[in-house]
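Worksheet: the structure to be examined is printed underneath.
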Amino acid sequence: MSIRNRLLFWLLSGLTILGACFVLADYLIDRALLADIYDDQMSQIAFAIPPHFSNSDLERSAPPLKYDGDDSILQIWDRNEKLSYSSHPDILLPRFATPGFSEVRWRGSEWKLFIRKTDSNLIQVAQSLSGRRNIAVEHALRSLIPLLIFLLIMGLLIHWSVGTGLQSLTRLSQELEKRTPDKLGRLASQDQPAEIKPLTQALDTLLQRLSIALEGQKKFIADASHELRTPLATLQIQTQLVEQSLGSGREAHALADLKAGVKRTSHLLEQLLMVSRLESAAIQDQHVPLQLHQIAREVTIDLIPYANMRKINLGVEQLDAGAVIGSEHHLHILLRNLIDNAVRYTPSGGQVDVTIRARQDDILLEIEDSGPGIPPAERERVFDRFYRCLVPQATGSGLGLAIVKHVAELHQAEVQLGQAQRLRGLKASVIFKRAA
Ligand SMILES: Nc1ncnc2c1ncn2[C@@H]1O[C@H](COP(=O)(O)OP(=O)(O)OP(=O)(O)O)[C@@H](O)[C@H]1O
Ligand SMILES: [Mg+2]
């Protein structure tokens, strides 16, 4: 049911019930008032008859009438209990004797009586009680007419005012319909009722977020294709070099270069895939309690061959047990990227230490190396996608730390880069909340 019909239904139902109560109260008050008035009238009629009267005088001044349901009937009996006068000869009530007011049943209906006795007569005035009730009902029904007119006017007013109020909703949906992925501007909120403004504001925030996300995706795709261009071009050259080297004795060298090129390109693709997976909310892994030190140990062991190849002493300094809530797969990726950076950017013969410290409220992961570190001015920028510091051994894709930051955000953890106290190189710290 539409808002307009709902409002109409409830308001008019309420008003109708109120009106019905009003009519009922009107009827009850009318009935009581009319009873008083008619009682007075009956006694006045009885007392208006003079003690001695001639029948013909009375018949002349009050000729007999036809009974119409609510008339007062006057009857007079003489000393010999002979009916000497009746105002309505068509209704001949019997002679009752109790003086004053009384109620009797006669021929299935109830009558109110007033009886006055004089020396020579008995005067009886009677009125039907159902006749009295009918008059009260008639009065109450008459007051229904203004009520119905009032309900009609109210209905029209509600219909009109709700329609005007809802116009701003229609305008809002028209505005929304005009929005397209490349036109997500703000919605006009002037002249809007206070009830609709929060909705417009919420929609605006959503549109803004959507537009930022869309911009980000567009930029990512542009950057990714740009980043892919260089390694693909390099691969092409390297293939040509392999071709040219055939039979020259330099084949092995050219092939090794080509293999390294393929490896770099596939690493870039892997990192790109990781970024896009992390960004699609649908693939957000279930978060469960995990032992961070176990993951750190596994990743370190995995990377020892690579460290050995680069002649780096990779080891663990301290691994406290402590549970964090998260995704095992994502935490593997975070640790792998941080340790990979430390091993990769530390010159041969250097050292990399992995530490996990369980503290009161959090768990601190630290990866320290004896490499060149990152100058303070660049410690924020290295988290941007595709950003690489200008160092000779920069062979990566520039996505590792962006991935680390994203994973940390998914775990409500904080990543910081600083200088390692002992090893003098980079210290990458991630502070996780402790699982309860
Ligand atoms: N431990 C480190 N010591 C010195 N420089 C570092 C270290 N870690 C990262 N950097 C610098 O920060 C830059 C960004 O690192 P990031 O991990 O984001 O990208 P990458 O290592 O170049 O590529 P990827 O990790 O995707 O293979 C690197 O290019 C490097 O110059
Ligand atoms: Mg890296």
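Just so you know, ligand 1 is whichever comes first in the structure, and atom 1 is the first atom listed for that ligand.
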Quick one: does ligand 1 sit under 4.0 Å from the side chain of Leu268, the backbone, both or neither, non-hydrogen atoms only? neither
Proximal atoms of ligand 1 relative to Arg388 (non-hydrogen, under 4.0 Å): 22 (O), 29 (O)
Please report whether ligand 1 has a polar contact with Gly400, defined as an N or O pair separated by less than 3.5 Å (distance criterion only). yes
Answer yes or no: does an N/O atom from Leu401 fall short of 3.5 Å to an N/O atom of ligand 1? yes
Regarding ligand 1, does Asp340 bring an N or O atom to under 3.5 Å of one of the ligand's N or O atoms? no
Can you sort out which atoms of ligand 1 are near Leu426, meaning under 4.0 Å from one of its heavy atoms? 1 (N), 2 (C), 7 (C)
Any N or O on His267 sitting closer than 3.5 Å to an N or O of ligand 1? yes
If we only consider heavy atoms of Arg344, is any one of them less than 4.0 Å away from an atom in ligand 1? yes
Should the proximity of Ile374 to ligand 1, defined as any heavy atom under 4.0 Å, be assigned to the side chain, the backbone, both, or neither? side chain
Can you tell me if Gly373 has a non-hydrogen atom under 4.0 Å from ligand 1? yes
For Tyr387, the ligand 1 atoms with a heavy-atom partner under 4.0 Å come out as 13 (C), 14 (C)
Mark up the atoms of ligand 1 that fall under 4.0 Å of a heavy atom belonging to Leu399, in ascending order. 18 (O), 19 (O), 23 (O), 26 (O)
